[in-house]
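Heads up: the structure comes next, in structure tokens.
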Amino acid sequence: MGSEGQLVFIDFEFSMPERHKVPKDFHPEIIEAGVVVVNGGKVIDTFSCYIKPVSFPRLTNRCKRFLSITQADVDGGRTFKEMHDYFTLLDQSGVKEVVTWGNMDMKVLRDSCARLGMAFPFHARFVDLSMEYKRFFGDQNQTGLWKAVQEYGREGVGKHHKALDDAMTTQHIYHLVEKDKKYLEKAEPTTIGDRIDLSKFYNQLA
């Protein structure tokens with residue numbers, strides 16, 4: 001994990017079944033995407049859109065309530081291919097790391113690409129920031145995105161479970177962790193000459 005080079009922070013929201021009516025062939029689909037592109041520590045681009053689900057085009061009531069996404073939102077959204085084309089161009093621009101909070105985002109993207117016969121669009125290194133956060137602070141369990149930022153005494157960006165807001169919050173935590181890592185890096189050890197003025201000692205020996 002490092003702060004140099006082009007970094008891409010991604011968050012997806014997924015379709016979900018009703019709790020007691022899960023189709024046997026159900027699989028989560030990306031229905032909202034949020035992307036923050038950072039270069040040299042500065043945000044240079046953002047991307048946000050709703051995505052039309054393919055296999056299960058009708059959102060469940062549970063999904064609409066939990067994510068505050070309407071059927072009209074996804075019906076008027078972009079196709080998966082349009083989002084895939086954006087990611088492909090982004091990858092070609094030279095991405096060092098793709099950062100997400102948790103591993104679900106990349107898993108669903110990978111599964112969706114395979115299901116639709118498309119190549120996975122990224123070739124960069126992947127960073128699951130939730131695991132980096134867990135290792136850095138020695139937590140036993142993985143911490144939720146907004147709980148993590150609140151543990152820093154901050155607030156998340158915008159609204160939780162809004163893809164672009166969560167991507168921006170992920171980017172925010174990333175830089176806070178990087179700042180802490182630099183702060184905790186051990187300085188060069190001092191030599192005995194740095195701690196004691198040896199000139200007087202040498203003069204006595206002369």
Could you walk me through whether Met104 and Phe14 pass the side chain to side chain contact (heavy atoms under 4.5 Å, CB included) test, one step at a time?
-> CA-CA 10 Å; Met104 190 67 174; Phe14 309 116; 3.6 Å; yes
Counterpart residues, salt bridge (charged side-chain N to carboxylate O under 4.0 Å, His left out), relative to Lys64 (two or more places apart) =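 Salt bridge (charged side-chain N to carboxylate O under 4.0 Å, His left out) check on Lys64 returns nothing, list empty.
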Excluding sequence neighbours, so at least two apart, what forms salt bridge (charged side-chain N to carboxylate O under 4.0 Å, His left out) with Arg58?
->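 In terms of salt bridge (charged side-chain N to carboxylate O under 4.0 Å, His left out), with neighbours along the sequence ignored, Arg58 is linked to no residue.
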With sequence neighbours excluded, tell me which residues meet side-chain hydrogen bond (donor to acceptor under 3.5 Å, both in side chains) with Ser68.
->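 Testing Ser68 for side-chain hydrogen bond (donor to acceptor under 3.5 Å, both in side chains), a comparison that skips the adjacent residues, returns Lys159.
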For Asp75, all residues meeting side-chain hydrogen bond (donor to acceptor under 3.5 Å, both in side chains), sequence neighbours excluded =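 In terms of side-chain hydrogen bond (donor to acceptor under 3.5 Å, both in side chains), with neighbours along the sequence ignored, Asp75 is linked to Gln71.
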Can you check whether Val177's main-chain N or O pairs, donor with acceptor, with Asp180's side chain at less than 3.5 Å?
->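 Checked: no pair found.
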Please check if the side chain of Glu29 supplies one atom and the backbone of Val54 the other of a donor-acceptor pair under 3.5 Å.
->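 Yes, the answer is positive, given that a donor and an acceptor are paired below the 3.5 Å cut-off.
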If hydrophobic clusters are built by linking Ile, Leu, Val, Met, Phe, Trp and Tyr wherever their side-chain heavy atoms come under 4.5 Å apart, do [X] and [Y] end up in the same one?
| X | Y | answer |
| --- | --- | --- |
| Val149 | Val36 | yes |
| Phe126 | Leu129 | no |
| Val127 | Val95 | no |

Approximate separation, where rounding is to 0.5 Å, of Thr46 OG1 and Gln171 CD =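 Reported to 0.5 Å precision, the distance equals 11.0 Å.
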Interatomic distance, Leu176 atom CG to Glu151 atom CD [nearest 0.5 angstrom] =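 One gets 12.0 Å once the value is rounded to the nearest 0.5 Å.
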Output every pair passing side chain to side chain donor-acceptor pair (under 3.5 Å) with a member in residues 15-25, not counting sequence neighbours, ordered by first then second residue.
->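 For residues 15-25: none.
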Could you go step by step and tell me if Val35 and Val8 meet the side chain to side chain contact (heavy atoms under 4.5 Å, CB included) rule?
-> CA-CA 7 Å; Val35 182; Val8 176; 3.7 Å; yes
Which atom names give the shortest non-hydrogen contact between Leu90 and Ser93, and what distance separates them?
->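 Nearest heavy atoms, Leu90 then Ser93: O-OG, 2.5 Å.
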Apply side-chain contact (heavy atoms from CB on, under 4.5 Å) to [X] and list each qualifying residue two or more places apart in sequence or on a separate chain.
| X | result |
| --- | --- |
| Ala163 | Asp11, Glu13, Glu32 |
| Leu145 | Trp101, Asp166, Thr169, Thr170, Ile173 |
| Thr79 | Lys81, Glu82 |
| Asp128 | Asn103, Ser130, Met131, Gln142 |

Side-chain heavy atoms of [X] within contact of [Y], under 4.5 Å:
| X | Y | value |
| --- | --- | --- |
| Val98 | Ile10 | yes |
| Phe80 | Ile30 | yes |
| Leu7 | Val37 | no |

Assess whether atom CZ of Arg62 is packed by more than 12 heavy atoms of other residues, nucleotides or ligands within 6.0 Å.
->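 Result for CZ/Arg62: enclosed.
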Donor-acceptor pairs under 3.5 Å, side chain of residues 105-124 to any protein atom, not counting sequence neighbours: which ones?
from	atom 1	to	atom 2	distance (Å)
Asp105	OD1	Phe12	N	2.9
Lys107	NZ	Asp111	OD2	3.0
Ser112	OG	Val108	O	2.8
His123	ND1	Asp91	OD2	2.9

List, by chain and then residue number, the residues other than Ile31 in its hydrophobic cluster (Ile/Leu/Val/Met/Phe/Trp/Tyr, side-chain heavy atoms under 4.5 Å); write none if there are no others.
->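 Grouped by the 4.5 Å side-chain rule, Met16, Tyr50, Leu59, Phe66, Leu67, Ile69, Val74 form the rest of the cluster around Ile31.
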Hydrophobic side-chain clustering at under 4.5 Å (ILVMFWY, transitive links): who's grouped with Phe26? Put none if nobody.
->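 Joined to Phe26, directly or through intermediates: Val22, Phe56.
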side-chain contact (heavy atoms from CB on, under 4.5 Å), paired with Val38, selected from His175, Lys96, Glu97, Gln6 =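 Per the side-chain contact (heavy atoms from CB on, under 4.5 Å) rule, the option paired with Val38 is His175, out of His175, Lys96, Glu97, Gln6.
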